[in-house]
Amino acid sequence: MKKITILMLSALYFVSIDVCAQMADGSTVPDFTGTDINGNSHTLYADYLDQGIPVVIDVSATWCGPCWSYHQTHALKNLYNTYGPDASNEIAVLFVEGSASSTQADLEGTGSNTTGDWITGTPYPIIDDASIASTLQIAYYPTVYGICPDGKIYEFGTKTATQL
């Protein structure tokens, strides 16, 4: 009986690890399309990767304190302003609001589920789509991924623009 109990607990442990696992570094990311808050469509492969443009994606939630703190560093804003389409066009930056409970008002900083105004001063696309967070297997916020033109994904973490 003791062996069965240990075996069952071990199985539950490994299942729970798999359920909460982020995409492994070097995995091929599935394609997705999201519409930003301005109504523009963004398809990962067709719009960016197939054009040879690597993508940095910040998946955050409006109610997440560490997400807000990272947003306030302006690391992704600085990266976008230096290497985005209005500069050298070497990198794309996307913000994905990954929580299904967040609303447009929360992004604007006027809702009841927010830490501030996420829109004002953010030059890169903001996509409010929890299904993208699910596709990217987000286990916690913020998660910052870099995706290479070959479709390989790597977790970057909350780094400065220079480190990115």
Side-chain angles (χ1 to χ4, degrees), residues 22-23 27-164:
Q22 299 270 111
M23 291 192 76
S27 298
T28 300
V29 67
D31 198 10
F32 62 81
T33 299
T35 302
D36 69 27
I37 60 173
N38 297 315
N40 301 309
S41 180
H42 300 269
T43 300
L44 180 63
Y45 279 85
D47 293 336
Y48 304 107
L49 304 183
D50 292 346
Q51 308 303 314
I53 300 170
V55 178
V56 175
I57 298 180
D58 173 10
V59 184
S60 288
T62 59
W63 45 261
C64 168
C67 301
W68 179 249
S69 293
Y70 183 60
H71 186 72
Q72 291 299 295
T73 69
H74 303 291
L76 296 179
K77 177 181 179 177
N78 294 338
L79 182 71
Y80 181 85
N81 286 337
T82 303
Y83 299 105
D86 293 334
S88 63
N89 201 28
E90 295 175 70
I91 289 180
V93 176
L94 300 174
F95 176 88
V96 174
E97 205 306 319
S99 173
S101 66
S102 294
T103 66
Q104 178 70 24
D106 294 326
L107 283 167
E108 294 168 353
T110 60
S112 61
N113 202 21
T114 188
T115 53
D117 179 353
W118 295 81
I119 297 171
T120 302
T122 302
Y124 46 87
I126 298 172
I127 302 170
D128 185 7
D129 190 339
S131 71
I132 294 173
S134 179
T135 297
L136 297 175
Q137 301 175 14
I138 301 303
Y140 56 85
Y141 301 113
T143 297
V144 180
Y145 280 131
I147 305 173
C148 300
D150 66 359
K152 303 295 184 203
I153 192 167
Y154 299 90
E155 187 174 354
F156 283 177
T158 53
K159 301 194 180 314
T160 66
T162 303
Q163 291 169 324
L164 290 169

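The first residue of the sequence shown is numbered 1, and numbering continues consecutively from there. All values reported here derive from a predicted model rather than from experimental measurement.
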To the closest 0.5 Å, what do you measure between [atom1] ([X]) and [atom2] ([Y])?
X      : Y      : atom1 : atom2 : value
Trp68  : His71  : CH2   : NE2   : 5.5 Å
Thr158 : Leu76  : OG1   : CG    : 10.0 Å
Ile147 : Ser27  : CD1   : OG    : 11.0 Å
Trp118 : Leu107 : CH2   : CG    : 8.5 Å
Tyr124 : Lys77  : OH    : NZ    : 9.0 Å
Ile37  : Asp129 : CD1   : CG    : 13.5 Å

Do [X] and [Y] make a side-chain contact, defined as non-hydrogen atoms from C-beta onward lying under 4.5 Å apart?
X      : Y      : answer
Tyr154 : Cys148 : yes
Leu136 : Tyr145 : yes
Asp36  : Ile126 : no
Pro123 : Asn81  : yes
Thr122 : Thr120 : no
Phe32  : His42  : no

Please report the closest heavy-atom contact between [X] and [Y], naming both atoms and the distance.
X      : Y      : result
Thr135 : Met23  : O-SD, 4.1 Å
Ser112 : Asp106 : N-OD1, 3.3 Å
Val59  : Gly98  : CG1-CA, 4.2 Å
Ser60  : Asp58  : OG-OD1, 2.7 Å

Exercise. Please assess Thr62 against Asn113 for the test side-chain hydrogen bond (donor to acceptor under 3.5 Å, both in side chains), listing each intermediate value before the final yes or no.
Key: CA-CA 7 Å; Thr62 59; Asn113 202 21; 4.8 Å; no

Output all residues satisfying side chain to side chain contact (heavy atoms under 4.5 Å, CB included) with [X], sequence neighbours left out; order by chain, then residue number.
X      : value
Ser134 : none
Tyr140 : Gln22, Thr143, Glu155
Ala105 : Thr103, Thr110

Exercise. Compute whether any side-chain donor of one residue and acceptor of the other, for Thr28 and Lys152, lie under 3.5 angstrom apart.
Key: yes

Quiz item: With distance as the sole criterion, is a donor-acceptor pair present between the side chains of Thr33 and Thr43 under 3.5 Å?
Solution: yes

Donor-acceptor contact below 3.5 Å, side chain [X] vs main chain [Y]:
X      : Y      : result
Asp31  : Tyr45  : yes
Glu108 : Asp117 : no
Glu97  : Ser99  : yes

Self-check item: side chain to side chain donor-acceptor pair (under 3.5 Å) partners of Lys159, counting only residues at least two apart
Solution: none

Exercise. Under the ring-ring contact (aromatic ring centres under 6.0 Å, His included) rule, collect the residues that match up with Trp63, sequence neighbours excluded.
Key: Tyr141

Identify each donor-acceptor pair in which a side-chain atom of residues 85-95 lies under 3.5 Å from a protein atom, sequence neighbours left out, and give them as a table.
residue	atom	partner	partner atom	Å
Ser88	OG	Glu90	OE2	2.6

